[in-house]
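Along the sequence shown, residues carry numbers from 1. What you are looking at is a predicted structure, and each value in this text was computed from that prediction instead of being measured.
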Amino acid sequence: MRLLGGRGSAVDASLPPIAFGLGWFLGGESIAIGGGAAVVVGALIAGWRLHRGARPLAVLISLLAVLVGALIALYTGDAADFFLPRLASNVLSALVWMISIVIRWPLLGVVVGAALGQARRWRRDPVLLRAYSRASWVWVGQYVVRLVVFIPLWLLGATGALTIAQVVLTWPLVAVCVAASWWVVRRSLPPEHPGLRHPRS
């Protein structure tokens, strides 16, 4: 969880959309007020994270996504379009995870292998490679679930519902995804396998 950003990262991702939704609603459905609130909150989070030693590039990308969403909504005049960058990022993330599985470099294995200092040794263990591939589909499912919920709400222009969905489908969904992928990995390893920390060639 820590390597994936932990709860703090998921909460950070939820706060600008909440600020947008509240600003939009309380400001009489003003996109400018909602966008301004989101950008201010995003900037405050970015400043706090940089102060705490977060990676500048990751912080700036998050802030840029908020800014781009606000500009798109202002340009189109549709508040729901604030969430378009998030829709796009979920589509791209799902594709990247699927491609990683197809080319036999499942991203879950890359992440966990890096955390355990295994470099590429986990890939030389066919059982472990298969387990990581299966569990990586859980992460694909996470992005697909978001899209199944977000896309109809976006088409309906349901800004309030999109704000709520963003909150529900961020930290809680990530927590479920971590637990489910760990369960899949454990179930995919036979009893005689020494475990994640001990890849077998």
Side-chain angles (χ1 to χ4, degrees), residues 1-97 138-180:
M1 259 325 267
R2 285 195 300 271
L3 198 65
L4 293 168
R7 179 166 27 186
S9 178
V11 170
D12 289 354
S14 300
L15 290 179
I18 292 173
F20 177 84
L22 287 175
W24 171 80
F25 179 74
L26 297 175
E29 298 191 356
S30 168
I31 295 174
I33 293 176
V39 172
V40 168
V41 169
L44 289 173
I45 292 171
W48 171 251
R49 287 301 174 192
L50 287 173
H51 175 70
R52 295 293 297 271
R55 292 174 296 177
L57 182 59
V59 171
L60 291 175
I61 289 174
S62 297
L63 180 57
L64 181 63
V66 174
L67 182 59
V68 168
L71 291 174
I72 291 174
L74 282 170
Y75 178 76
T76 63
D78 187 344
D81 287 347
F82 173 80
F83 296 89
L84 273 176
R86 293 171 186 271
L87 286 173
S89 70
N90 279 279
V91 170
L92 289 174
S93 296
L95 289 173
V96 168
W97 278 79
V138 176
W139 290 85
V140 174
Q142 173 197 207
Y143 300 114
V144 171
V145 166
R146 287 201 187 108
L147 291 170
V148 166
V149 175
F150 287 168
I151 290 175
L153 293 177
W154 171 70
L155 290 173
L156 291 171
T159 305
L162 279 167
T163 303
I164 295 169
Q166 175 67 39
V167 176
V168 174
L169 297 180
T170 303
W171 164 242
L173 184 59
V174 170
V176 169
C177 190
V178 169

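Scanning both residues, Ala19 and Ala37, for their nearest heavy atoms gives O-CB, 3.6 Å. For the pair Ala70 and Gly35, the tightest heavy-atom approach, listed with the atom from each and the gap, is CB-CA, 3.9 Å. When all heavy atoms of Ile45 and Pro16 are compared, the closest pair comes out as CD1-CD, 4.0 Å. Pro17 and Phe82 make their closest contact through CA-CE2, 3.9 Å (heavy atoms, listed as atom of the first residue, atom of the second, distance). Of all non-hydrogen atoms in Leu153 and Ala165, the two that sit nearest each other are CD1-CB, 4.1 Å. Residues Ala38 and Phe20 share a closest heavy-atom pair of CB-CB, 3.8 Å.
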Stepwise, does the side chain to side chain contact (heavy atoms under 4.5 Å, CB included) test hold for Leu15 with Gln166?
CA-CA 9 Å; Leu15 290 179; Gln166 175 67 39; over 6 Å; no
Practice prompt. Give the C-alpha distance, both sets of side-chain angles, the deciding distance and a yes or no for side chain to side chain contact (heavy atoms under 4.5 Å, CB included) between Leu67 and Leu63.
Written response: CA-CA 6 Å; Leu67 182 59; Leu63 180 57; 5.7 Å; no
Full working for side chain to side chain contact (heavy atoms under 4.5 Å, CB included) between Phe83 and Phe150:
CA-CA 9 Å; Phe83 296 89; Phe150 287 168; over 6 Å; no
When you look at Trp139 and Val178, which way does the side chain to side chain contact (heavy atoms under 4.5 Å, CB included) test go after all the steps?
CA-CA 8 Å; Trp139 290 85; Val178 169; 3.9 Å; yes
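Remark: Thr159 OG1 to Phe25 CZ distance equals 11.5 Å, nearest 0.5 Å. Atom OH of Tyr143 and atom CG of Leu173 lie 9.5 Å apart (nearest 0.5 Å). To the nearest 0.5 Å, atom CG of residue Leu74 and atom CG of residue Asp81 are 10.5 Å apart. With rounding to the nearest 0.5 Å, the separation of CD in Gln142 from CG in Leu147 is 10.5 Å. Taking CG from Leu84 and CG from Leu71, the interatomic distance works out to 12.5 Å, rounded to the nearest 0.5 Å. For the atom pair CD1 (Ile72) and CD1 (Ile31), the distance works out to 12.0 Å, reported to the nearest 0.5 Å.
Results of the side-chain contact (heavy atoms from CB on, under 4.5 Å) test with Leu87 over Leu92, Ile151, Leu162 single out Ile151 as the only residue that passes.
At least one side-chain heavy atom of Arg86 sits under 4.5 Å from a side-chain heavy atom of Val66.
Side chain of Ser93 to main chain of Asn90: no donor-acceptor pair is present (N/O by atom type, distance under 3.5 Å, no hydrogens or angles).
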